[in-house]
Amino acid sequence: MNATAIVYTSGTGYTARYAALLSEKLNLPAHTLADAVKSLPAGTPVIYMGWLMAGSVKDYKKAARRFAIDAVIGVGLGDTGAQDDAARKACKLPADVPVFTLQGGMDLEKLRGPYKFAIKMLTKGMAAQKNRTPAEDRMLELLQKGGDYVSEKELAAVLAWAGK
Ligand SMILES: Cc1cc2nc3c(=O)[nH]c(=O)nc-3n(C[C@H](O)[C@H](O)[C@H](O)COP(=O)(O)O)c2cc1C
């Protein structure tokens with residue numbers, strides 16, 4: 001691991017909480033992307049964390065333009081690890097950059113405007129879908145009822161990569 005900081009983007013707080021947990025475990029400072037562009041020199045090696053939006057890690061491209069990305073972590077609704085390959089493809093990540101996806105959570109109360117609308121549409125679509133897989137059933141339940149999966153144990157693969 002080369003990273004000297006964690007940089008993250010969080011909409012409703014789940015990614016921010018994972019960033020705080022990882023910051024403690026790896027003993028690295030965590031900055032929001034907005035703060036990092038002001039306070040960290042360009043080219044700083046970082047672990048970039050963002051919430052998953054339509055399969056892609058939010059603001060990864062913006063982070064990659066400014067910093068040297070040591071690893072990427074996406075936080076979404078699916079089971080931890082289940083969306084690693086999909087996130088790599090969606091972000092067009094170079095093969096040598098490790099990617100991890102973690103299960104975060106859903107809190108409709110905290111979503112605003114177009115994001116709330118998009119989630120309502122997604123929920124409607126999934127509810128109407130026949131032959132859902134067990135993973136899709138779990139995702140639908142999370143969308144309908146909300147839930148919070150942020151936990152240190154979800155970071156196991158990231159900590160193993162970091163040698164912790
Ligand atoms: C507009 C929108 C699109 C989303 N798309 C995905 C997605 O493609 N895959 C996924 O797993 N989660 C998706 N989510 C769920 C968020 O990634 C999830 O709630 C995450 O925990 C939010 O993290 P945050 O609290 O740091 O913003 C989406 C959420 C919104 C609002």
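These values consider heavy atoms only, across backbone and side chains, with no hydrogens, waters or symmetry-generated copies. Whatever order the structure lists them in is the order used to number ligands and atoms, beginning at 1.
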May I ask you to identify the nearest protein heavy atom to [atom], giving residue, atom name and distance to one decimal place in Å?
atom	result
atom 2 (C) of ligand 1	W51 CZ3, 3.8 Å
atom 6 (C) of ligand 1	L52 O, 3.1 Å
atom 1 (C) of ligand 1	A118 CB, 3.8 Å

Quick check: does [X] get an N/O under 3.5 Å from an N/O on ligand 1?
X	answer
I119	no
V75	yes
T12	yes
L77	yes
G13	yes

Original post:
In ligand 1, which numbered atoms sit nearer than 4.0 Å to a non-hydrogen atom of G78?
Top reply: 11 (O)
Original post:
If you count the atoms of ligand 1 from 1 in the order shown, which ones are under 4.0 Å from a heavy atom of G11?
Top reply: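 Every atom of ligand 1 under 4.0 Å from some heavy atom of G11: 24 (P), 26 (O), 27 (O).
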Original post:
So W161 and F100, would you call those rings parallel, tilted or perpendicular, with 30° and 60° as cut-offs?
Top reply: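 Tilted: the ring planes of W161 and F100 meet at 30° to 60°.
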For [X], is the [atom1] atom crowded, meaning more than 12 foreign heavy atoms sit under 6.0 Å from it?
X	atom1	answer
E152	CD	no
E24	CD	no
D107	CG	yes
K116	NZ	yes

**OP:** For atom 7 (C) of ligand 1, state which one of G55, A87, G76, P114 supplies the nearest heavy atom.
**Re:** G55
**OP:** Kindly identify the option in G147, G146, G105, G104 whose heavy atom sits closest to atom 18 (C) of ligand 1.
**Re:** G105
Original post:
Backbone N or O of R138 within a donor-acceptor pair of the R132 side chain at under 3.5 Å?
Top reply: no
**OP:** Would you confirm whether Y60, through its side chain, and K92, through its main-chain N or O, come within 3.5 Å as a donor-acceptor pair?
**Re:** no
Relative to ligand 1, is [X] under 4.0 angstrom through side chain, backbone, both or neither, heavy atoms considered?
X	value
Q83	side chain
T15	both
L111	side chain
A54	backbone

**OP:** Take I73 and Y48, measure what side chain to side chain contact (heavy atoms under 4.5 Å, CB included) needs, and give me the verdict at the end.
**Re:** CA-CA 6 Å; I73 302 176; Y48 181 69; over 6 Å; no
Original post:
Any luck finding a side-chain donor-acceptor pair between Q129 and E136 under 3.5 Å?
Top reply: yes
**OP:** With the side chain counted from C-beta on, respond yes when T80 and T101 share a heavy-atom pair under 4.5 Å apart, and no when they do not.
**Re:**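 The answer is no, as the side chains (C-beta and beyond) never meet within the 4.5 Å cut-off.
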